[in-house]
*Asks:* 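Sharing a structure here in structure tokens format.
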Amino acid sequence: MKYYSIIIVLALMSCSHSKVSTNKDTVEERFIDSILATMSIDDKIGQTNLRGTSSRAKTLSEELKEDVRQGKVGALLNVMKVEFVDELQKIAVEESPNKIPLIFGRDVIHGFKTIFPIPLGLAASWDTDIAKSSSRIAAIEASSVGIRWTFAPMLDIARDSRWGRIAESPGEDTYLASVLGKAYIQGFQGDSLNNPTSIAACAKHYIGYGAVEGGRDYNTTVIPEPLLRNVYLPPFQSALDVGAATVMTSFNEINGIPATGNEFLLKHVLRDELKFDGFVVSDWDSVIEMIAHGYAKDEKQAGELAANAGMDMEMTSKAYEHHLKDLIKEDKVKERQLDEFVKNILRIKLRLGLFEKPYRDKNNEANFYKEAHLAEAKEAAIKSAVLLKNKRILPLSSATKVALIGPLANAPLDQMGTWTFDGEKEHTVTPLKAFKEAQVNFKYVEALTHSRDRSKEQFQKAVDGVKDSDVIVFVAGEEAILSGEAHSRATIDLPGAQEDLIKVLSKTGKPIVLVIMAGRPITITNIIDNVDAVLMSWHPGTMGGVALQEIIYGLREPEGRLPVSWPKKAGQLPYFYNHKSTGRPANKEDYVAMYDIPVGAWQSSLGNDSHYLDIGYTPHFPFGFGLGYTAFKYDDLQISKDTIGFNETLLVKASITNVGERPGKEIVQLYTQDVVGSITRPVRELKGFQHINLNVGETKEVTFKVFPRQLEFTNHKGIRATEEGDFNIWVSSDATSGLKGTFYLKKECQ
Ligand code: NOJ
């Protein structure tokens, strides 16, 4: 330790960002070079090794300790006992050949102990403050047990709700993903990475993982370069703009080359174009999975391909450990490539302050479930909840006699959602618990034990149970295990006998408030007419029950808006609002419904357009949609100029009035459409949004600035530019409605 301490302070003063050009002459780089100069090839390879362990391990294996002692490990994943973290770090900094500290990583995805709504839920908040505070709290809690690196945020654009990992995604929109991604990183990494409560973020999965065919996890992607650059890449670019320390490669192949062995993506795009100077980690075994992909013939070639592509640190598999030395000897991989890996890794270790303070900060002890953390988790759940339907039933008055029912009404584990290894269900406040604590007028009726329960045995008991109530609150959904990694579904209806029970209960004539807790949009066309309100709470986390109780009784209103289009049927997927127009755009006039086609009709496609005969062409609820407890009127769209030049700014204004009966919050959205492009452009693209609060009868003028730069895109020739021409623009409350205007963007403005 002493060895390093003299120059560290100087080095730290010169660094904190992962998107700077690596100036060889900085103190930081000289420090890194000085360590590198003392390292053998074996020591260097050791740094590229991210060793996986089991978080449930009861003892620390002697083999692991020995490997750390010999400098064979650069980072560790899932070491969850504080004593083990301390012991391993002590071995690394006191006994390993170069005394280089380890980084301890963990999937801290939406909270550590205090669990926030799943990322898709947090995305529904459209709120960068809550995204940032949730990841700050996660970092404070996780760093207290020695974790200094999280594998988050996930920035995969997800356009298919069958994909289980949509739960962990920021949804379908590039702009929303970009602004939220930045906020998460700022929260995880704090003001400076070397603050002991900061944890290095990992922008993942680079890239295109959300585009897997048919929503099947780990599947293939085909992403033409314009699509890659216009849709999938911008969130990563934003992440690097705010200094994301690390990037994880994705499992999928892209256009035939696995992301983990993709030199174009890792060297050309990430390093040369985006100037990333942190380190790239592969996903779990994704180096050796290149064999199954049919891209590498064996472990050795997989290592060679990953190394030459520029992949720095290998997660769990051991292709580098086993073969990199030979590959260098055989001149198949250059030693200077390995040196680059080590420098990238040491740079982040240095920025984390690990050379100076390798151990946990003892003052940052057990900050779990603090009151302020729980309060923020409740706030996040309220901001994430999206009201999809309300036949003037919500909010309920305190006098209403409620029957609380449904498999997710008291499911403390499932309520936390996917990727919550560390959250403890004993701390979860379920709706049942919250209703009890708030002493509302309700009774709990048990029927289905879990979301996949197919038994109808308790249906009659349920019907009897709700008889003396005024309203049924049915908390439906999916268990946590039905979404997340490797948990894709071909149909996304409510599983088990939930739909049947809802239908049976609706026959009682009691109004039903359907609350959904799930990791993805759930298709509800079969039951939408049987219920009076639908409230989507995603998997809302530790404080979800309190948030729901407050929303249902009107102490707060649901504030979320959909970050994904909500499909009518899984067969409609992938579906996303920013699709292309097509040569025969779907529209009301031309729509032909399946049962309207005369039997024996003459075969013709004329007059038809791009729609499904059976479900039409619209989603059930559009991207950006969400109701509150009041209503808003949009009018008086003003566009500052009909024509603007490339260096000018357009001002777009609209007046929003609260025409309902209570104060409320609205998320005002701005969309544009480039009408004609050198490649076809989406029918709409989100370019901005603002949160406003309005009292009853109050009007606010909302102003958006549009910079021509925001309208640029990459075309088929690889040219990234804003093009002259007509644009449509909307100020609206979702992606399909709103006040529409136009303007012309001109190269030379008169
Ligand atoms: C595989 C997942 O794809 C990735 O997101 C995660 O961070 C790693 N496993 C580590 O658990």
Side-chain angles (χ1 to χ4, degrees), residues 49-57 73-80 103-112 118-120 135 138-139 142 147-158 163-170 177 181 184-185 188 199-212 215-221 232 235-236 239 244-254 258-260 262 278-290 292-293 306 311-318 348 417-423 480-481 483-488 519:
N49 182 359
L50 168 56
R51 183 68 63 85
T53 66
S54 163
S55 50
R56 284 184 281 186
V73 179
L76 282 152
L77 170 72
N78 295 342
V79 179
M80 291 314 295
I103 309 183
F104 293 88
R106 176 77 161 164
D107 288 287
V108 180
I109 307 293
H110 51 113
F112 180 61
I118 53 168
L120 188 61
S135 54
I147 295 163
R148 295 300 304 282
W149 181 23
T150 178
F151 305 116
M154 174 166 147
L155 300 174
D156 298 308
I157 299 302
W163 189 44
R165 296 201 84 168
I166 195 171
E168 199 189 339
S169 84
Y184 285 127
I185 290 160
F188 284 132
I199 61 179
C202 183
K204 73 183 188 185
H205 305 84
Y206 186 76
I207 194 171
Y209 187 27
V212 286
R216 290 181 292 276
D217 208 0
Y218 313 119
N219 221 278
T220 302
T221 69
Y232 293 96
F236 287 90
T246 69
V247 168
M248 186 188 293
T249 62
S250 52
F251 284 126
N252 54 287
E253 64 154 79
I254 301 158
T260 302
N262 202 311
F279 70 84
V280 174
V281 62
S282 57
D283 202 346
W284 192 285
D285 279 359
S286 68
V287 172
I288 55 166
E289 285 181 10
M290 289 199 284
H293 273 292
M311 200 293 296
D312 302 298
M313 184 184 272
E314 183 176 1
M315 186 192 291
T316 60
S317 55
K318 294 185 176 169
I348 295 307
T418 185
W419 289 116
T420 51
F421 304 118
D422 303 293
I481 197 67
S483 58
E485 186 179 343
H487 293 107
S488 297

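Just so you know, ligand 1 is whichever comes first in the structure, and atom 1 is the first atom listed for that ligand.
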*Asks:* If the criterion is any heavy atom closer than 4.0 Å to an atom of ligand 1, which residues make the list?
*Replies:*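 Residues Asp107, Phe151, Arg165, Lys204, His205, Met248, Phe251, Asp283, Trp284, Met315, Trp419, Glu485 each place a heavy atom under 4.0 Å from ligand 1, listed by chain and number.
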
*Asks:* List the atom of Gly519, the atom of Ile166, and the distance in Å for their closest heavy-atom pair.
*Replies:* O-CG2, 3.8 Å

*Asks:* Walk me through whether Asp156 and Glu168 qualify under side chain to side chain contact (heavy atoms under 4.5 Å, CB included).
*Replies:* CA-CA 9 Å; Asp156 298 308; Glu168 199 189 339; over 6 Å; no

*Asks:* Could you walk me through whether Met248 and Tyr209 satisfy the side chain to side chain contact (heavy atoms under 4.5 Å, CB included) test, starting with their C-alpha distance in whole Å, then the side-chain angles of each, then the deciding distance to 0.1 Å, before giving a yes or no?
*Replies:* CA-CA 11 Å; Met248 186 188 293; Tyr209 187 27; over 6 Å; no

*Asks:* Can you give me the closest heavy-atom contact between Asp107 and Thr150, atom names plus distance?
*Replies:*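 For Asp107 and Thr150, the tightest heavy-atom pair comes out as C-OG1, 4.2 Å.
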
*Asks:* Between Trp284 and Phe151, is the ring centroid distance below 6.0 Å?
*Replies:*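 No, the ring centres sit 6.0 Å or more apart.
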
*Asks:* Between atom CZ of Phe188 and atom CD1 of Ile199, what is the distance when rounded to the nearest 0.5 Å?
*Replies:* 5.5 Å

